[in-house]
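One structure below.
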Amino acid sequence: MENSINRLLAKIVKYIDDKFGQDIVVLDLEGISTLCDYFVITSASSTPQIKAIADEITDGLEDHGVYLSHKEGYGGARWVLLDYGDIVVHVFHTKEREFYNLEGIWKDAQRIDVDKLLKINV
């Protein structure tokens, strides 16, 4: 995994963790998908928390000069998608995450160790 992508993934995971996102998963989609290289997936049990996680990511990355390409679902905040090109972040309400089951759909993707990402100094 490229060092700059590694640091960016670490920042995203830390922002999610700071807002108590649940069950953070990072999937390496390189060679599996042409959509992007990585999915970061998390969930929360309330609309305000979903928005808080999405805001923390977008604001935090903007502070580091990384800007969002596209955002979907923020108004309803049941499944917010944040597109950063090579990385797409999915912030789900717990029930929607179970229903859409992205981890199952992309079961061939390698999982990146979230604990290691949380230990990276960014």
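Proximity of Leu9 to Ile120: side-chain heavy atoms (C-beta onward) are nowhere separated by under 4.5 Å. With contacts defined as side-chain heavy-atom distances shorter than 4.5 Å, the pair Asp17/Leu118 qualifies. By the 4.5 Å heavy-atom criterion applied to side chains, Ile112 and Leu27 are not counted as neighbours. At least one side-chain heavy atom of Tyr38 sits under 4.5 Å from a side-chain heavy atom of Ile5. A 4.5 Å side-chain heavy-atom check between Val26 and Arg111 finds every atom pair outside the cut-off. No side-chain heavy atom of Gln49 sits under 4.5 Å from any side-chain heavy atom of Lys19. By the 4.5 Å heavy-atom criterion applied to side chains, Ile16 and Ile57 are counted as neighbours. Using a 4.5 Å cut-off on side-chain heavy atoms (C-beta onward), Ile87 and Leu8 make contact.
Looking at Asp55 and Tyr15, their side chains never bring a donor and an acceptor atom within 3.5 Å of each other. Between the side chains of His93 and Trp79, not a single donor N or O lies within less than 3.5 Å of an accepting N or O.
For Asp23, the salt bridge (Lys or Arg N to Asp or Glu O under 4.0 Å) test picks out Arg97, with sequence neighbours left out. Residues satisfying the side chain to side chain donor-acceptor pair (under 3.5 Å) test with Asp83, not counting sequence neighbours, are none. With sequence neighbours left out, Glu96 forms a side chain to side chain donor-acceptor pair (under 3.5 Å) with Arg78. Here Tyr100 pairs with nothing under the side chain to side chain donor-acceptor pair (under 3.5 Å) rule; sequence neighbours left out. For Gln110, there are no side chain to side chain donor-acceptor pair (under 3.5 Å) partners two or more places apart in sequence or in a different chain.
Panel note: side chain Thr58, backbone Ala54; a donor-acceptor pair is recorded below 3.5 Å. The main-chain N or O of Val91 is never found under 3.5 Å from a side-chain atom of Thr42 such that the two would form a donor-acceptor pair.
At a threshold of 4.5 Å between side-chain heavy atoms, the hydrophobic network of Ile, Leu, Val, Met, Phe, Trp and Tyr places Tyr84 and Tyr67 in two separate groups. Following chains of ILVMFWY side-chain contacts shorter than 4.5 Å, one can reach Val80 starting from Ile12, so the two form part of one hydrophobic cluster. Residues Phe99 and Leu81 share a hydrophobic cluster, clusters being chains of Ile/Leu/Val/Met/Phe/Trp/Tyr side chains in contact below 4.5 Å. Val66 is connected to Leu68 through a chain of hydrophobic side-chain contacts under 4.5 Å among Ile, Leu, Val, Met, Phe, Trp and Tyr, so both are in one cluster. A single hydrophobic cluster is not seen to contain both Val88 and Leu82; linkage of ILVMFWY side chains at heavy-atom distances under 4.5 Å, directly or through other members, places them apart.
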Query raised in the report: Is there a side-chain hydrogen bond (donor to acceptor under 3.5 Å, both in side chains) between His64 and Glu62 once you walk through the steps?
Result: CA-CA 5 Å; His64 292 282; Glu62 281 181 10; over 6 Å; no
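Closest approach of Val13 and Val114 over heavy atoms only: CG1-CG1, 3.6 Å.
Applying the ring pair (Phe, Tyr, Trp, His ring centres under 6.0 Å) rule to pairs touching residues 102-122 yields Phe39-Trp106, sequence neighbours excluded.
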